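Heads up, the thing below is written out as structure tokens.
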Protein chains: 2
Amino acid sequence: MTEGLRARARLAMRTEIAETAFALFVRRGFEQTTVDEIAEAAGLSRRSFFRYFPSKEDAVFGLLYDLGEELAAAVTARPAEETPWTALHAACAVLLGPMLHRSDEAMALLRLIHDTPTLRARHQDKQDSWRKLLVDALHGRSVPALEADVLASAALAVFDVVCRQWLADPAADPAALMAEAFAVLRPSREA
Amino acid sequence: MTEGLRARARLAMRTEIAETAFALFVRRGFEQTTVDEIAEAAGLSRRSFFRYFPSKEDAVFGLLYDLGEELAAAVTARPAEETPWTALHAACAVLLGPMLHRSDEAMALLRLIHDTPTLRARHQDKQDSWRKLLVDALHGRSVPALEADVLASAALAVFDVVCRQWLADPAADPAALMAEAFAVLRPSREA
DNA sequence: ACACAGGTGGCACCGAGTGTCATACTCGAG
DNA sequence: CTCGAGTATGACACTCGGTGCCACCTGTGT
């Protein structure tokens with residue numbers, strides 16, 4: 001039973017290090033912040049930093065990868081009679097909640113990712129892992145393979161569009177943007 | 001007028017280096033191939049390699065970035081009365097031509113990108129640059145901003161889906177896959 | 001023959017990431 | 001309490017991608 005304890009302690013370390021790193025990234029930029037600086041600020045050795053995060057980028061994305069499972073779960077939780085596209089819309093809308101709740105941090109994170117090339121790239125790799133989970137969730141709703149892939153990819157693309165638009169105009173309402181964006185692509189056979 | 005000559009010579013060097021590097025990547029993998037090995041195989045110094053390509057990854061993608069402009073041009077070239085989604089489909093279909101023409105190389109490239117994490121990430125960054133060009137092209141067809149962003153992102157996502165499916169089943173016809181994939185998301189207001 | 005330009009290689013350096021080892025801590029068994 | 005096993009940590013050395021700097025060469029125009 002000490003397994004759970006260690007796992008929780010490890011998670012706490014990860015979040016603490018990630019928050020320390022994030023503060024530095026926001027202040028000085030991602031590329032300009034060295035791992036040594038993060039390690040010193042977090043009170044551990046450079047070597048130990050890499051025991052908690054496989055790379056510097058993971059200090060930014062590590063905690064976000066888990067959201068993919070929440071997203072997929074949200075899709076699965078939608079009523080079965082709902083069309084896939086509507087279910088995807090509802091699931092993405094769920095993710096908007098935490099973002100609006102701590103919108104300053106969310107905005108800072110989006111901005112950081114947006115204007116750091118390596119983070120932009122990594123972001124898309126994370127989307128790729130989300131996509132796989134979404135495709136599985138859609139298979140659970142008996143959506144054919146190709147269609148599931150297209151719908152999942154498109155939904156994530158829409159999510160990105162909404163984030164970009166929100167970043168460009170913080171006054172906009174993300175939920176409204178998302179409804180509008182999802183409406184553009186609603187498949188013809190749906191209501 | 002020697003400007004043009006130098007530019008052409010530089011391009012020839014780039015393609016030659018890129019081809020040498022590509023061969024090594026396919027044989028030994030991207031991560032396992034060092035820049036020193038590429039430089040030696042291409043007959044220049046490590047330092048000079050980085051004068052032709054800003055990074056090792058660019059030896060893979062450098063030549064592909066230009067395709068974005070072709071893609072955008074293909075959209076602009078479509079008849080004005082065509083709906084944006086149909087125009088995007090037609091433009092993406094154009095890109096399929098060269099891929100089928102040298103399908104072995106295309107397949108090897110797709111496979112290389114697909115199972116190299118850093119290349120997967122970079123690939124998406126390239127898509128991002130393509131997206132910007134597509135959005136501009138759609139603006140030229142007087143498509144509103146949000147809609148243009150959504151349609152361009154979705155079209156590129158669809159293109160990716162097709163590439164993935166083709167990679168998974170080389171016997172499939174990419175053009176047919178693409179038609180099917182584009183049909184999934186055809187906006188309701190279109191024919 | 002001269003100066004000047006651009007391409008090139010060599011060298012030193014930085015930062016990310018990894019393997020290895022020696023140490024310190026913790027915790028359960030005796 | 002003590003011993004030993006398992007684990008976290010730090011220090012060190014090393015590889016590799018990427019950059020700045022400088023010295024060299026080569027061609028071109030005067």
Side-chain angles (χ1 to χ4, degrees), chain A residues 1-18 20-22 24-25 27-62 112-113 116-123 125, chain B residues 1-18 20-22 24-25 27-62 112-113 116-123 125:
Chain A
M1 240 333 130
T2 60
E3 286 302 322
L5 265 174
R6 274 206 296 267
R8 245 177 297 153
R10 181 177 171 82
L11 180 61
M13 279 290 266
R14 277 175 61 93
T15 57
E16 189 183 327
I17 298 171
T20 309
F22 182 64
L24 289 175
F25 292 157
R27 200 176 333 149
R28 302 211 279 266
F30 179 79
E31 310 279 4
Q32 281 66 42
T33 308
T34 71
V35 173
D36 295 79
E37 290 168 341
I38 301 171
E40 191 186 347
L44 38 62
S45 74
R46 158 195 178 71
R47 192 63 186 88
S48 285
F49 171 87
F50 284 111
R51 289 197 177 96
Y52 287 97
F53 295 100
S55 77
K56 193 169 77 159
E57 295 153 18
D58 284 282
V60 177
F61 287 108
L112 181 66
I113 293 172
T116 307
T118 69
L119 290 184
R120 276 203 314 263
R122 247 325 251 283
H123 165 69
D125 194 62
Chain B
M1 241 331 129
T2 60
E3 286 302 323
L5 265 174
R6 273 207 296 268
R8 246 177 296 155
R10 181 178 172 81
L11 181 61
M13 279 289 266
R14 278 175 60 94
T15 58
E16 189 183 327
I17 298 170
T20 308
F22 183 65
L24 290 175
F25 292 157
R27 200 178 331 152
R28 303 211 278 266
F30 179 80
E31 310 278 4
Q32 281 65 41
T33 308
T34 71
V35 173
D36 295 78
E37 291 168 340
I38 301 170
E40 191 186 347
L44 37 62
S45 75
R46 158 195 177 72
R47 192 63 188 87
S48 284
F49 171 89
F50 284 111
R51 289 197 176 96
Y52 287 97
F53 295 100
S55 77
K56 192 168 79 160
E57 295 155 18
D58 283 282
V60 178
F61 288 109
L112 182 66
I113 293 172
T116 307
T118 69
L119 291 184
R120 276 204 313 264
R122 244 330 249 284
H123 165 70
D125 194 64

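We name chains A, B, ... by the order of the sequence lines, and we start the count at 1 in each one. Predicted model, so just to flag it, every value in this text is computed and none were measured.
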Side-chain ([X]) to main-chain ([Y]) donor-acceptor, under 3.5 angstrom:
X	Y	value
A:T116	A:I113	no
B:R14	B:Y52	yes
A:S45	A:S48	yes
B:T34	B:E37	yes
B:K56	B:T33	yes
B:T20	B:E16	yes

Open item on the list: It should be established whether B:Y52 places a side-chain nitrogen or oxygen under 4.0 Å from OP1 or OP2 of nucleotide C:dT8.
Closed with: yes
Open item on the list: Whether B:S48 contacts C:dG9 is assessed here as follows: a side-chain N or O lying under 4.0 Å from the phosphate OP1 or OP2. Is that the case?
Closed with: yes
Expressed as a whole number of angstroms, how long is the span from [X]:[atom1] to [N]:[atom2]?
X	N	atom1	atom2	answer
A:E37	C:dG15	CD	P	8 Å
B:E40	C:dT8	CD	P	18 Å
B:L11	C:dG7	CG	C1'	17 Å
B:M13	C:dG6	CE	P	17 Å
B:I38	D:dG18	CD1	C1'	13 Å
B:F49	D:dG18	CZ	P	8 Å
A:D58	C:dA16	CG	P	14 Å

- [ ] Could you tell me whether the side chain of B:R51 has a donor or acceptor atom within less than 3.5 Å of a complementary atom in the base of C:dG6?
- [x] no
Open item on the list: Is it true that, when you exclude A:E40 itself, more than 12 heavy atoms of the residues, nucleotides or ligands shown sit nearer than 6.0 Å to its CD?
Closed with: no
- [ ] Map B:R10 and A:P54 onto DNA chain C by nearest heavy atom, then report which one ends up closer to the 5' terminus.
- [x] B:R10
TODO: Summarise how protein sits on nucleotides 12-17 of chain D as a single string, 5' to 3': B when a protein heavy atom is under 4.0 Å from the base, S for sugar-phosphate-only contact, - for no contact.
DONE: B---SB
